[in-house]
Asker: 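To start, I am sharing the structure in question, which I have written as structure tokens.
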Amino acid sequence: MPENGRLPGRNDFDAVDFKSWLGRIFIARIEREPFNLRFTLWGTKLTEWWGVDYTHKTLGSASNDPEALQAIELAYFQEMDRDPFIGIACGVLDQHQRAFIKVIGLDLPLIDDGNLTQVLSAHLEIKLDQEIPDLLPACPILRYF
């Protein structure tokens, strides 16, 4: 975290910092009118897991039901925009016909000039019966959906 105690900006990171994670990372740019996320980087392992390359696409646009997925996940990112936080998300990829794959993701808001401009997210595949408290027992949980 930068010395000023604020959340980092995109320029605070170099892709080399995440060399071993590159296939499991996405970076999404925040679009404002209307609010949405557009993926500028979508890792190769994420493409394998989701069954789609979301690079240059918006959140959920390639899912089975884009409106339903966006209604849930956009609310989470809108809350992150309103009051930035580091988030953890977990779930199966059933909206992409991949209910046999479950992932956990760490979402890091990237702040520039005091505003959320991008989100960097790193993912791991987990067992179907695992939940956040199993993996991170000391992690406080605030559910958004």
Asker: Would you name the heavy atoms of Gly87 and Met80 that are closest together and state the gap between them?
Answerer: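 Distance-wise, the nearest heavy atoms are N-CE, 4.4 Å.
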Asker: So, using salt bridge (Lys or Arg N to Asp or Glu O under 4.0 Å) as the criterion, who are the partners of Asp107 when residues are at least two apart?
Answerer: none
Asker: Are any side-chain N or O atoms of Arg98 and backbone N or O atoms of Trp49, one a donor and one an acceptor, separated by less than 3.5 Å?
Answerer: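 Yes, because the side chain of Arg98 sits within donor-acceptor range (under 3.5 Å) of the backbone of Trp49.
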Asker: Where do Pro84 and Asp81 come nearest, in terms of heavy atoms and distance?
Answerer: CD-O, 4.2 Å
Asker: According to salt bridge (Lys or Arg N to Asp or Glu O under 4.0 Å), does anything in residues 47-68 pair up with another residue at least two apart or in another chain? List the pairs.
Answerer: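 Listed by first then second residue: Lys45-Glu48.
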Asker: Quick one: are Leu106 and Ser121 in side-chain contact, heavy atoms under 4.5 Å?
Answerer: no
Asker: Please indicate whether Gln97 has more than 12 foreign heavy atoms, meaning atoms of other residues, nucleotides or ligands, lying under 6.0 Å from its CD.
Answerer: no
Asker: Between Val92 and Phe100, is any pair of side-chain heavy atoms under 4.5 Å apart?
Answerer: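 The answer is no; the side chains never approach within 4.5 Å.
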Asker: Is there side-chain contact between Gln70 and Thr58, with at least one heavy-atom pair below 4.5 Å?
Answerer: yes
Asker: Is the shortest side-chain heavy-atom distance between Leu46 and Tyr54 below 4.5 Å?
Answerer: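 Heavy-atom side-chain distance check fails, nothing below 4.5 Å.
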Asker: Scan the side chains in residues 127-141 for donor-acceptor partners under 3.5 Å anywhere in the protein, sequence neighbours excluded, and list what turns up.
Answerer:
{"residue": "Gln130", "atom": "OE1", "partner": "Lys127", "partner atom": "N", "Å": "2.8"}
{"residue": "Glu131", "atom": "OE2", "partner": "Lys102", "partner atom": "NZ", "Å": "2.8"}
{"residue": "Asp134", "atom": "OD2", "partner": "Glu131", "partner atom": "N", "Å": "2.9"}

Asker: Would you mind reporting whether Leu69 and Leu59 have side-chain heavy atoms less than 4.5 Å apart?
Answerer: no
Asker: Quick one: closest heavy-atom pair of Arg32 and Leu116, and the distance?
Answerer: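 For Arg32 and Leu116, the tightest heavy-atom pair comes out as NH2-O, 2.6 Å.
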Asker: So which atom in Asp112 and which in Thr117 form the shortest heavy-atom distance, rounded to 0.1 Å?
Answerer: OD2-OG1, 3.0 Å
Asker: For residues Gln118 and Arg29, report the shortest heavy-atom separation together with the two atoms involved.
Answerer: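 Here Gln118 and Arg29 meet closest at CG-CA, 4.0 Å.
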Asker: Looking at Ile27, is its backbone amide N or carbonyl O close enough to the side chain of Thr40 to form a donor-acceptor pair, meaning the two atoms are under 3.5 Å apart?
Answerer: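 The answer is yes, because a donor-acceptor pair under 3.5 Å joins these two groups.
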Asker: Out of the candidates Phe26, Trp21, Trp42, only one should pair with His123 under the ring-ring contact (aromatic ring centres under 6.0 Å, His included) rule; please name it.
Answerer: Phe26
Asker: I need the minimum non-hydrogen distance between Gly60 and Ser63, along with the two atoms involved.
Answerer: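 In terms of heavy atoms, the two residues are closest at O-OG, 2.8 Å.
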Asker: With rounding to the nearest 0.5 angstrom, report the CD1 to CG distance, Ile25 to Leu41.
Answerer: 7.5 Å
Asker: Do Ile30 and Leu37 touch side chain to side chain, with heavy atoms closer than 4.5 Å?
Answerer: yes
